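Only one structure is covered here, and it is reproduced in the block below.
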Number of protein chains: 2
Amino acid sequence: MKKSKTTGEILREEREKKGLLLRQVAAMLDIDTAILSKIERGERKASKEQIVKLAEILELDEEALIVQYLSEKILYEIKDEELGSKALKAAEQKMKYNNKNNS
Amino acid sequence: MKKSKTTGEILREEREKKGLLLRQVAAMLDIDTAILSKIERGERKASKEQIVKLAEILELDEEALIVQYLSEKILYEIKDEELGSKALKAAEQKMKYNNKNNS
DNA sequence: TTTATCTTGACAATAAGTGTCAAATATAAT
DNA sequence: ATTATATTTGACACTTATTGTCAAGATAAA
């Protein structure tokens, strides 16, 4: 069982597959090369807007990339929490419940 | 099926059950009354430390209160996201997976 | 060794979070 | 109705995170 890829790893892989330079992609995102470099190496988080643009630029499935990105964000939120796993389950329960009642 | 309580609602209920004033509990937390008022009404979020202290002050089960608090925080993170539910499930998967491999 | 790419760290600007304070409202007791 | 107490509200200040630029240093390709 090999470790699942981080968002950054996915982005770097796809950029390189396409033979694009940091400089080029960063320009399309309208940010400095340094930031994209950091995003790809996981040193910074991308914004939602940047993720959407990146999916388009790199021709990745947008929904899949967003889910990947959001789940990483959620895990980051509870990374130091002993009760993280329980909290996740509780969140799912509440979400399920709310959907029932709002629809 | 009635709506599940928010953290703020729980805190207010328990404080009132104990006959404590905002002023008193706020003093124990070393914050202004105004903030506690806002926390109870959901206008602001408590910090982790405050939640822990509140569990003690109000004699609530600490673990349960923390889970409640964290799950609310997680849901807040994805509240505007169409893909929130999928992201939650993905996060759980990753968490499961990581536990397998780190232990 | 030159040239292009990428990485790093110091810094700036802005946004978000966390608190105080005082005035306005609401609640309760005379 | 007045007074006293409790809570709420909003303006403000302070601190910390986030998001970016820039320039210098490291890496890799020619």
Side-chain angles (χ1 to χ4, degrees), chain A residues 5-55 57-58 65-66 68-81 87, chain B residues 5-55 57-58 65-66 68-81 87:
Chain A
K5 283 173 198 158
T6 65
T7 305
E9 285 165 350
I10 293 168
L11 294 173
R12 172 146 297 185
E13 251 178 45
E14 290 304 315
R15 179 176 61 77
E16 289 179 342
K17 263 191 204 162
K18 289 210 140 40
L20 294 167
L21 300 175
L22 277 180
R23 173 165 48 78
Q24 300 176 305
V25 175
M28 295 192 236
L29 293 176
D30 195 31
I31 55 174
D32 194 277
T33 306
I35 293 180
L36 185 54
S37 167
K38 285 167 187 171
I39 289 171
E40 287 186 348
R41 286 171 301 103
E43 198 183 309
R44 290 228 186 155
K45 278 180 288 184
S47 71
K48 175 83 183 298
E49 294 66 39
Q50 288 165 345
I51 287 293
V52 170
K53 273 196 196 169
L54 282 164
I57 293 167
L58 303 175
L65 192 62
I66 292 176
Q68 157 72 35
Y69 164 74
L70 288 177
S71 65
E72 214 164 73
K73 225 169 125 184
I74 290 168
L75 287 175
Y76 181 81
E77 191 85 9
I78 56 178
K79 68 177 177 341
D80 301 322
E81 295 294 343
Chain B
K5 284 172 198 157
T6 65
T7 304
E9 284 165 349
I10 293 169
L11 294 174
R12 171 146 298 185
E13 251 178 45
E14 291 302 316
R15 178 176 61 79
E16 290 179 341
K17 263 191 206 161
K18 289 208 140 38
L20 294 168
L21 300 177
L22 278 180
R23 172 165 48 77
Q24 301 175 305
V25 175
M28 296 193 238
L29 293 176
D30 195 31
I31 55 173
D32 194 277
T33 306
I35 293 181
L36 186 54
S37 168
K38 284 167 188 170
I39 288 171
E40 287 186 349
R41 284 170 302 103
E43 197 183 310
R44 292 229 184 154
K45 277 180 290 183
S47 71
K48 175 84 182 298
E49 294 66 40
Q50 289 165 345
I51 287 294
V52 170
K53 273 195 195 170
L54 283 165
I57 293 166
L58 303 175
L65 192 62
I66 292 176
Q68 157 71 34
Y69 164 74
L70 288 176
S71 67
E72 213 164 75
K73 224 168 125 185
I74 290 168
L75 287 174
Y76 181 80
E77 192 86 7
I78 56 178
K79 68 177 178 342
D80 301 322
E81 295 293 343

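Just so you know, these numbers come straight off a predicted model, no measurement behind them. Proteins get letters first, then strands, A, B, ... in listed order; numbering begins at 1 in each.
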*Produce a footprint string for nucleotides 25-30 of chain D: one letter per nucleotide, 5' end first; B if the base is under 4.0 Å from any protein heavy atom, S if only the sugar-phosphate is, - if neither.*
------

*Heavy atoms under 4.0 Å is the rule here; annotate nucleotides 9-30 of chain C 5' to 3' with B where the base is hit, S where only the sugar-phosphate is, and - elsewhere.*
B--------BBBB---------

_Chi angles and distances behind the side chain to side chain contact (heavy atoms under 4.5 Å, CB included) call for A:K38, A:R41_ = CA-CA 5 Å; A:K38 285 167 187 171; A:R41 286 171 301 103; 3.5 Å; yes

Quick check: closest heavy atoms across [X] and [Y], and the distance to 0.1 Å?
{"X": "B:S71", "Y": "A:A87", "value": "CB-O, 3.4 Å"}
{"X": "A:S47", "Y": "A:Q50", "value": "N-OE1, 2.8 Å"}
{"X": "A:R15", "Y": "A:L22", "value": "NH1-N, 3.3 Å"}

_Can you tell me which residue among B:L65, B:I57, B:L58, B:V25 is in a side-chain contact (heavy atoms from CB on, under 4.5 Å) with B:E14?_
B:L58

*Please answer whether the main-chain N or O of B:E77 pairs with a side-chain N or O of A:E77 as donor and acceptor at a distance below 3.5 Å.*
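Absent.
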
*Please list, by residue number, the residues of residues 14-24 of chain B whose heavy atoms come closer than 4.0 Å to an atom of DNA chain D; answer none if no residue qualifies.*
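Per residue number, the list reads B:R15, B:L21, B:L22, B:R23.
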
Residue-phosphate contact under 4.0 Å: [X] side-chain N/O, [N] OP1/OP2:
{"X": "B:R41", "N": "D:dT9", "value": "yes"}
{"X": "A:S37", "N": "C:dC6", "value": "no"}
{"X": "A:R12", "N": "C:dT5", "value": "no"}

_A:L36 vs A:L11, side chain to side chain contact (heavy atoms under 4.5 Å, CB included): CA-CA, chis, key distance, verdict_ = CA-CA 10 Å; A:L36 185 54; A:L11 294 173; 5.6 Å; no

*Is the Lys NZ or Arg CZ of B:K73 less than 6.0 Å from the centre of B:Y76's six-membered ring, within 45° of the axis?*
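Geometry flag: not set, cation outside 6.0 Å or 45°.
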
_Before you tell me yes or no, could you show the steps for A:K48 and A:I66 under side chain to side chain contact (heavy atoms under 4.5 Å, CB included), namely the whole-Å CA-CA distance, both residues' side-chain angles and the distance that decides it to 0.1 Å?_
CA-CA 8 Å; A:K48 175 83 183 298; A:I66 292 176; 3.9 Å; yes

*Between B:E9 and B:R12, is there a salt bridge with N-O shorter than 4.0 Å?*
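Answer for the salt bridge query: no.
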
